[in-house]
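In this text, all values refer to a predicted model and were calculated from it rather than measured experimentally.
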Amino acid sequence: MNFSEVFRHTNQLCRVSPDGKCLATCVQYRLVVRNINTLQILHLYTCLDQIAHVEWSSDSQFILCAMYKRGLVQVWSLEQPDWHCKIDEGSAGLVSSRWSPDGRHVLNTTEFHLRVTVWSLCSKSVSYIKYPKACQKGLDFSRDGRYMALAERRDCKDHISVFVCEDWQLLRHFETDTQDLSGVEWSPNGCVLAVWDSCLEYKVLLYSLDGRLLSTYSAYGWSLGIKSIAWSPSSQFLAIGSYDEKVRILNHITWKKLTEFEHPVSISDSRAVVYREMERRAVAGSDDLSIHHQIPAGTSLFSTQSKYEICELPIYVPIVKPDPDRANPKIGVSTMAFSSDSRYLATKNDNMPNNVWVWDMQRLCLLAVLEQRAPVRCFQWDPRRPRLALCTGSTKVFLWSPGGCLSVQVPAEVIDFTPNSLLTQFLL
């Protein structure tokens, strides 16, 4: 693995363009666009205030910069650097801004979720959508970019509105059987819309494009319920992560439970391989400590090296006991991700923060467990092959593939650099 020099950025605002050719980074109120191969600066834009959010258009021709404190959005063009667009929401405020799938409309959500404003860059027209609900994921576009599903709250009841993105006309509007709708998400093939309730009630509802209720799934009641949801890229599986530390897999034919994956404290399944990160400190030799030998700035006399060791089963997984007196307890499956070929599923159980679990979706069993020395902050799949990258806030990047695990040390010349998030476009 090769490393570039370090580039400054603020608030982890670093985005790779959808075509994989450019890299955008934000440094306070400046937007820097680089060539991803040479890392040379292509464009440098100056915004009116510190940037809070940045996003590429789907065709990589425009970049959106949102400044939520001032209620402003600025749009920049790569083809015409002198062209720019400024959108001011005024007294309505701004809490969210994003592109439509065609890359020619900007959707802004005002403060208190009073409305969603659709701004057209082509015709300069403005459309308003009322009653958007403030929830975990209240808006989602189908993968083909033809439809948008929006969660709404009207007369103390939850509703779903489906819009046609071409002209923003309402296609379907229906009420959902939820107490407090938490999110909506289209299946990758755009045929099914998953709707789930808040964590206080375990309920997932599956709707067709025309608003028909296909199925309802509830695993249990009277306890904290759903914490995360993930579709497989093939649309064959819907994974539901719960506060009871289990992942339930629904199939796309009957929408019944196919299997469930537990995260046990003791791992004894002989089909699983447990990789444990081990560290050792390499002490500098006497020649390196010579008064005539110059030690590069930013390096340490005691460098820490790490590698993975395969553990013998059974093995006990360290857990963190959640505080029952605090809201949003650190327990349950909060993060899930399918590999690009839908063959593997990676999960993280919050009260086992140092572990990443990898499941085989063909054999429906546990395949591997990665036990890190520090809590896992982020993991992402390679978009082209079954390879998982993860980081823990240390000076290393960790990789897993069916062939094994690898720990990659960030070069010592990179001072005070600890990976906290990943952009898997670099793994193309």
key: Sidechain-backbone polar pair: K227 side chain, I331 backbone, donor-acceptor under 3.5 Å   = yes
ask   = Between F398 and Y308, what is the ring plane arrangement, given parallel below 30°, perpendicular above 60°, and tilted in between?
value = perpendicular
task = Can you measure from CG (L72) to CD1 (I51) and round to the nearest 0.5 angstrom?
result = 12.0 Å
ask   = Does a side-chain heavy-atom distance below 4.5 Å link L206 with L238?
value = yes
inquiry  = Donor-acceptor pair, distance only, cut-off 3.5 Å: does the side chain of K330 make one with the backbone of V320?
reply    = no
request  = Using the side-chain hydrogen bond (donor to acceptor under 3.5 Å, both in side chains) rule, take W99 and S58 through it: C-alpha gap first, then chi angles, then the decisive distance, then the call.
outcome  = CA-CA 8 Å; W99 285 104; S58 56; over 6 Å; no
Check: V95 main-chain N/O paired with T109 side-chain donor or acceptor under 3.5 Å = no
message = Using 0.5 Å steps for rounding, measure from the OH atom of Y202 to the OH atom of Y217.
response = 5.0 Å
message = In terms of relative ring orientation, are Y344 and W400 parallel, tilted or perpendicular, with 30° and 60° separating the classes?
response = perpendicular
message = Run the ring-ring contact (aromatic ring centres under 6.0 Å, His included) test against W186 and tell me which residues pass, sequence neighbours left out.
response = none
inquiry  = Are the side chains of C26 and N11 in contact, using a 4.5 Å heavy-atom criterion?
reply    = no
key: For W357 against L366, the heavy-atom pair lying closest together   = CE3-CD1, 3.9 Å
ask   = Quick one: does S57's side chain have a donor or acceptor within less than 3.5 Å of a partner on G103's backbone?
value = no
request  = Output every pair passing ring-ring contact (aromatic ring centres under 6.0 Å, His included) with a member in residues 116-161, not counting sequence neighbours, ordered by first then second residue.
outcome  = H159-H173
key: T395/Q409 under side-chain hydrogen bond (donor to acceptor under 3.5 Å, both in side chains): CA gap, chis, key distance, verdict   = CA-CA 6 Å; T395 58; Q409 175 72 42; 3.1 Å; yes
ask   = Counting N and O atoms only, with roles assigned by atom type, does the side chain of N349 sit under 3.5 Å from a partner on the main chain of M352, one being a donor and the other an acceptor?
value = no
note = d(E175 CD, T178 OG1) to nearest 0.5 Å is 8.0 Å
remark   = Between A374 and T392 the two heavy atoms that sit nearest each other are O-CG2, 3.7 Å
task = Kindly state each residue pair satisfying side-chain hydrogen bond (donor to acceptor under 3.5 Å, both in side chains) with at least one member in residues 148-157, sequence neighbours excluded.
result = E152-R154, E152-S161, R153-D158
query = Taking the side chain as C-beta and beyond, is there a heavy-atom pair between F261 and I249 under 4.5 Å?
reply = yes
query = Which atoms form the tightest heavy-atom contact between L181 and A151, and what is the distance?
reply = CD2-CB, 3.6 Å
query = For the side chain of S142 and the backbone of G190, is there at least one donor-acceptor N/O pair under 3.5 Å apart?
reply = no
query = So how far is it from N35 CG to C22 SG, rounded to the nearest 0.5 Å?
reply = 6.5 Å
request  = Could you tell me whether E185 and K137 make a salt bridge, using a distance below 4.0 angstrom between a side-chain N and a carboxylate O?
outcome  = yes
query = Are any of the side-chain heavy atoms of I63 and R15 separated by less than 4.5 Å?
reply = no
inquiry  = Looking at D49, I'd like to know if its CG atom is crowded, meaning that more than 12 non-hydrogen atoms belonging to other residues, nucleotides or ligands lie closer than 6.0 Å.
reply    = yes
task = State whether the side chain of S60 and the backbone N or O of D19 hold a donor-acceptor pair below 3.5 Å, judged by distance alone.
result = yes
ask   = Would Q136 and S182 count as a side-chain hydrogen bond (donor to acceptor under 3.5 Å, both in side chains) if you check the C-alpha gap in whole Å, the side-chain angles of each, and the deciding distance to 0.1 Å?
value = CA-CA 5 Å; Q136 178 183 358; S182 181; 3.1 Å; yes
request  = Would you please test R248 and S242 for side-chain hydrogen bond (donor to acceptor under 3.5 Å, both in side chains) and show each step?
outcome  = CA-CA 8 Å; R248 293 167 175 85; S242 312; 3.3 Å; yes
request  = Begin from the C-alpha positions of K203 and D180 and carry the test salt bridge (charged side-chain N to carboxylate O under 4.0 Å, His left out) through to its verdict.
outcome  = CA-CA 10 Å; K203 182 182 288 187; D180 184 13; over 6 Å; no
request  = Check step by step if side-chain contact (heavy atoms from CB on, under 4.5 Å) holds for L78 and W56.
outcome  = CA-CA 11 Å; L78 265 65; W56 287 91; 3.7 Å; yes
ask   = Thinking salt bridges, do R276 and E309 make one under a 4.0 Å N-O criterion?
value = no
ask   = What class does the angle between the rings of F174 and Y207 fall in, given that below 30° is parallel, 30 to 60° is tilted and above 60° is perpendicular?
value = tilted
ask   = What is the distance from atom CZ of R373 to atom CD of E277, rounded to the nearest 0.5 Å?
value = 6.5 Å
query = Below 4.5 Å, heavy atoms only, C-beta onward: do L139 and P132 meet side chain to side chain?
reply = no
ask   = Is the shortest heavy-atom distance from the side chain of E111 to the side chain of E89 under 4.5 Å?
value = no
message = Can a side-chain donor-acceptor contact be found between Q179 and D197 if the only test is distance below 3.5 angstrom?
response = no
query = Short question: side chain of D144, backbone of R146 - any donor-acceptor pair under 3.5 Å?
reply = yes
key: Nearest-0.5 Å distance that lies between atom OG in S120 and atom CZ in R104   = 10.0 Å
key: T25 side chain vs H9 backbone, donor-acceptor pair below 3.5 Å   = no
message = Please identify which of these residues, I267, T347, V369, meets the side-chain contact (heavy atoms from CB on, under 4.5 Å) condition with N355.
response = V369
message = Any heavy-atom pair between the side chains of C14 and L23 that's under 4.5 Å?
response = yes
query = With Y45, which residues qualify under ring-ring contact (aromatic ring centres under 6.0 Å, His included), at least two apart?
reply = H43, W76
message = Quick one, E279 with S306, criterion side-chain contact (heavy atoms from CB on, under 4.5 Å). Give me CA distance, side-chain angles, the key distance, then yes/no.
response = CA-CA 4 Å; E279 283 189 352; S306 74; 3.8 Å; yes
inquiry  = Taking atom CZ as the centre, does R115 end up with more than 12 heavy-atom neighbours from other residues, nucleotides or ligands that are less than 6.0 angstrom away?
reply    = yes
ask   = Shortest non-hydrogen contact from K348 to P353?
value = CE-O, 3.8 Å
key: Results of ring-ring contact (aromatic ring centres under 6.0 Å, His included) for H113 - residues two or more places apart only   = none
request  = Would you please name every residue forming a side chain to side chain donor-acceptor pair (under 3.5 Å) with D102, sequence neighbours left out?
outcome  = S100, H105
query = Has the side chain of T110 got a donor or acceptor atom that lies under 3.5 Å from a matching backbone atom of A92?
reply = no
query = For R34, does the CZ atom sit with more than 12 other heavy atoms under 6.0 Å from it, leaving out its own atoms?
reply = yes
query = What pair of heavy atoms forms the shortest contact from S234 to S342, and how long is it?
reply = N-OG, 3.2 Å
request  = State, with a plain yes or no, whether a side-chain heavy atom of W196 is found less than 4.5 Å away from one of I240.
outcome  = no
inquiry  = I need the minimum non-hydrogen distance between S340 and D382, along with the two atoms involved.
reply    = OG-O, 3.9 Å
